[in-house]
Amino acid sequence: MEAFVKPVICLGEALIDILPARRNETLQQAQRLRRVAGGATANVTVGLARLGVPAAFLGKVGADPFGYFLRDTLSAEGVDISHMLFSREANSGLAFAWVEDITTGEARYLFYRQPSADRMLHRDEMDREWLSQARILQFGSLLLAAEPSASAVWAALEIAQASNVPGVYDLNLRLPAWPDAETARVGMLKPLEASTIVKLNRHELAFLTQERDLESGVAKIWRDHYRLLVVTLDRDGCYYRTAAGSGFIAGLAVKVVDTVGSGDAFMAALLSQVLTTSEGLDGFDFDNLAVVAKACRYANAAGAFTATRQGAIPALPTHRQIRKVLSAEEMQSGVGGQELGIRGNSRTQD
């Protein structure tokens with residue numbers, strides 16, 4: 001893999017995740033809690049760094065012990081924190097997370113963010129020169145739920161578009177952060193017009209489109225300027241669509257501990273695969289569905305690995321750990337992949 005020069009800039013939130021010390025306890029039952037660094041954007045930056053992709057965090061935390069802990073954690077992972085800002089208007093956000101059903105590992109969340117420092121990001125804090133030099137601008141939807149952070153996101157997207165920096169949108173539906181469901185729906189749909197790659201889960205797709213059928217929902221949010229759209233399907237894997245066609249990639253069988261950070265690990269791993277040359281997204285063949293499927297399967301493995309460990313950042317994988325998951329799956333299935341139902345109108349072979 002070629003050495004990266006420009007970083008992936010990840011715009012969004014860094015929060016403190018508070019988890020039961022024992023995974024088989026709910027938040028109500030737990031006598032002891034543990035603190036870990038989290039937040040979707042922070043998770044993606046660390047995930048990228050662990051996979052050898054230079055990543056920079058753009059966002060705001062509190063000028064408090066939690067904020068400094070987040071700074072130190074990201075810095076220790078090799079993330080560029082030169083544009084991590086510190087607020088004295090609000091404290092760092094907290095997200096309590098726990099697993100109610102240990103058979104599925106699906107996490108539930110309780111947020112303390114009213115307001116939190118990440119929402120205090122202002123549009124005049126967007127560094128135009130720095131943003132214009134990014135390989136891509138990766139961002140989520142949480143900061144769009146309130147001002148002034150929503151305006152800051154839009155300012156960054158305007159700079160990126162003017163500088164031909166691709167936008168990568170990772171949706172994250174947290175309804176309590178929004179005034180109401182319809183405001184959330186409209187607010188989360190709008191950035192699709194400024195995005196080149198879009199990733200969301202099937203619950204978010206159903207919420208945004210009011211469609212129960214996966215492909216009908218994808219058709220509603222597909223835009224001709226997309227290079228890639230991916231819908232994650234929990235343990236069932238993922239669905240992808242490009243201009244050349246679409247397909248399903250089956251999930252990988254693992255023993256789930258919790259799902260905290262699995263989607264963020266998927267996002268980081270996917271980007272690590274499409275950013276393998278100095279040409280950025282132009283160096284990846286989105287018309288070759290076999291290549292796209294391979295990247296999605298790699299991302300599936302990253303999400304699956306993260307689900308085998310508690311917490312988000314502590315559970316994010318390295319390339320070696322992802323390869324180990326893939327190798328185990330290949331040995332078990334006896335095939336080199338789990339592609340299902342690839343449908344295309346272009347090349348599907350290397």
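Because the structure is a prediction, the values reported are computed rather than measured. Every heavy atom of this structure was used, including side-chain atoms; hydrogens, water molecules and symmetry mates were not.
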- So is Arg35 actually on top of Phe66's ring, under 6.0 Å and inside 45° of the axis? no
- Determine the minimum heavy-atom distance between Leu51 and His319, stating which atoms define it. CD2-N, 3.3 Å
- Item | Nearest atoms (heavy-atom pairs only) where Leu281 meets Pro166 | CD1-CB, 3.5 Å
- Task: Sequence neighbours left out, what pairs pass salt bridge (Lys or Arg N to Asp or Glu O under 4.0 Å) with at least one residue falling in residues 73-93?
- Result: Arg50-Glu77
- Task: Keeping the roles fixed (side chain from Ser163, backbone from Ala160), state whether a donor-acceptor pair exists under 3.5 Å.
- Result: no
- Query: Any chance the rings of Phe248 and Tyr240 have centres within less than 6.0 Å?
  - Reply: no
- Query: Take atom CD in Gln29; do more than 12 heavy atoms of anything else shown fall under 6.0 Å from it?
  - Reply: yes
- Gap separating the OG atom of Ser116 from the CD atom of Glu13, nearest 0.5 angstrom: 9.0 Å
- Task: Evaluate the criterion side chain to side chain contact (heavy atoms under 4.5 Å, CB included) for residue pair Asn172 and Glu204; output intermediate values, then yes/no.
- Result: CA-CA 8 Å; Asn172 188 11; Glu204 291 156 349; 4.3 Å; yes
- Query: Side-chain contact, heavy-atom cut-off 4.5 Å: Thr196 with Val168?
  - Reply: no
- Message: Show, in sequence, the C-alpha distance, side-chain angles and deciding distance for Val165 and Leu131, and conclude whether the side chain to side chain contact (heavy atoms under 4.5 Å, CB included) test is met.
- Response: CA-CA 8 Å; Val165 173; Leu131 280 165; over 6 Å; no
- Message: As a quick check of understanding, evaluate side chain to side chain contact (heavy atoms under 4.5 Å, CB included) for Asp234 and Asp236, giving each step before the final call.
- Response: CA-CA 5 Å; Asp234 308 311; Asp236 296 326; 5.8 Å; no
- Query: Between Gln273 (side chain) and Leu270 (backbone), is there a donor-acceptor pair under 3.5 Å?
  - Reply: no
- When rounded to the nearest 0.5 Å, the distance separating OG of Ser216 from CD1 of Ile221 is 12.0 Å
- Message: Is it the case that the side chains of Thr232 and Asn201 hold a donor-acceptor pair, with the cut-off being a distance below 3.5 Å and no angle test?
- Response: no
- Would you sort out whether Ser272 and Tyr298 count as a side chain to side chain contact (heavy atoms under 4.5 Å, CB included), showing the intermediate values? CA-CA 10 Å; Ser272 77; Tyr298 183 87; 3.6 Å; yes
- Same cluster for Met188 and Val186 if Ile/Leu/Val/Met/Phe/Trp/Tyr side chains link at under 4.5 Å? no
- So does Tyr112 have more than 12 non-hydrogen atoms from other groups sitting under 6.0 Å from OH? no
- Residues Lys199 and Asp170 bridged, charged N to O under 4.0 Å: yes
- Grab the two heavy atoms, one from Leu173 and one from Ser141, that are nearest each other, plus how far apart they are. N-OG, 4.4 Å
- Task: With rounding to the nearest 0.5 Å, note down the distance linking CG in Leu233 to OH in Tyr239.
- Result: 10.5 Å
- Report yes if the side chains of His83 and Asp127 come closer than 4.5 Å at any heavy-atom pair, otherwise no. yes
- Flag, side chain of Ser246 to backbone of Thr242, donor-acceptor distance under 3.5 Å: no
- Query: Between Leu33 and Val36, is there a shared hydrophobic cluster once you connect ILVMFWY residues whose side-chain heavy atoms come closer than 4.5 Å?
  - Reply: no
- Arg212 side chain to Ala206 backbone, donor-acceptor under 3.5 Å: no
- Task: May I ask you to test the Val256-Thr308 pair for a side-chain heavy-atom distance under 4.5 Å?
- Result: no
- Quick one: pull up CG in Leu121 and CG in Leu58 and give me the separation to the nearest 0.5 Å. 6.0 Å
- Query: Could you give the distance from CG (Leu171) to OG (Ser195), rounded to the nearest 0.5 Å?
  - Reply: 8.0 Å
- Item | Side chain to side chain, Leu11 and Gln138, heavy atoms closer than 4.5 Å | no
- Query: Are Ser75 and Asp72 close enough that a side-chain donor and a side-chain acceptor fall under 3.5 Å?
  - Reply: no
- Does the pair Glu158/Arg128 count as a salt bridge with the N-to-O cut at 4.0 Å? no
- Task: Heavy atoms only: give me the nearest Leu74-Ala42 pair and the separation to one decimal.
- Result: CD1-CB, 4.2 Å
- More than 12 heavy atoms of other residues, nucleotides or ligands under 6.0 Å from CZ of Arg34: is that the case? yes
- Message: I'd like to check the ring pair (Phe, Tyr, Trp, His ring centres under 6.0 Å) partners of Tyr226; sequence neighbours left out, ordered by chain and number.
- Response: Trp222
- Task: Would you mind reporting whether Leu94 and Leu15 have side-chain heavy atoms less than 4.5 Å apart?
- Result: no
- Taking a hydrophobic cluster as the set of Ile, Leu, Val, Met, Phe, Trp and Tyr residues connected by side-chain heavy atoms closer than 4.5 Å, whether directly or through intermediates, do Met120 and Met126 fall within one such cluster? no
- Can any side-chain N or O of Arg227 pair as donor or acceptor with the backbone N or O of Ile197 at less than 3.5 Å? no
- Item | Aromatic ring proximity Phe96/Phe111, centre distance under 6.0 Å | no
- Message: Would you say that more than 12 heavy atoms from the other residues, nucleotides or ligands in this model lie under 6.0 Å from the CD of Gln210, or not?
- Response: yes
- Query: Considering the options Leu85, Val44, Ile9, Thr41, which one meets the side-chain contact (heavy atoms from CB on, under 4.5 Å) requirement together with Phe57?
  - Reply: Thr41
- Leu137 and Ala156 have their tightest heavy-atom pair at CD2-O, 3.8 Å
- Query: Side-chain contact, heavy-atom cut-off 4.5 Å: Thr45 with Asn43?
  - Reply: no
- Task: Could you tell me whether the side chain of Ser92 and the main chain of Gly67 form a donor-acceptor pair under 3.5 Å?
- Result: yes
- Look at the side chain of Thr183 and the backbone N and O of Pro179, then say whether any donor-acceptor pair between them is shorter than 3.5 Å. no
- Item | More than 12 heavy atoms of other groups within 6.0 Å of Lys220 NZ | yes
- Query: CG of Leu189 to CG of Leu208: how many Å apart, nearest 0.5 Å?
  - Reply: 4.5 Å
- Item | Val198-Leu142 co-clustered via ILVMFWY side chain contacts under 4.5 Å | no
- Could you pull out the closest heavy-atom pair between Cys238 and Val230, with the gap in Å? CB-CG1, 4.1 Å
- Item | Check: Pro20 main-chain N/O paired with Gln310 side-chain donor or acceptor under 3.5 Å | yes
- Item | Min side-chain heavy-atom separation Phe284-Leu228 under 4.5 Å | no
- Query: Is Val254 close to Phe305 at the side-chain level, that is, under 4.5 Å between some pair of heavy atoms?
  - Reply: no
- Query: Salt-bridged, Arg309 to Asp258, with N to O below 4.0 Å?
  - Reply: no
- Query: If Ile, Leu, Val, Met, Phe, Trp and Tyr residues are connected whenever their side-chain heavy atoms lie under 4.5 Å apart, and connections chain through other members, are Leu48 and Ile136 in the same group?
  - Reply: yes
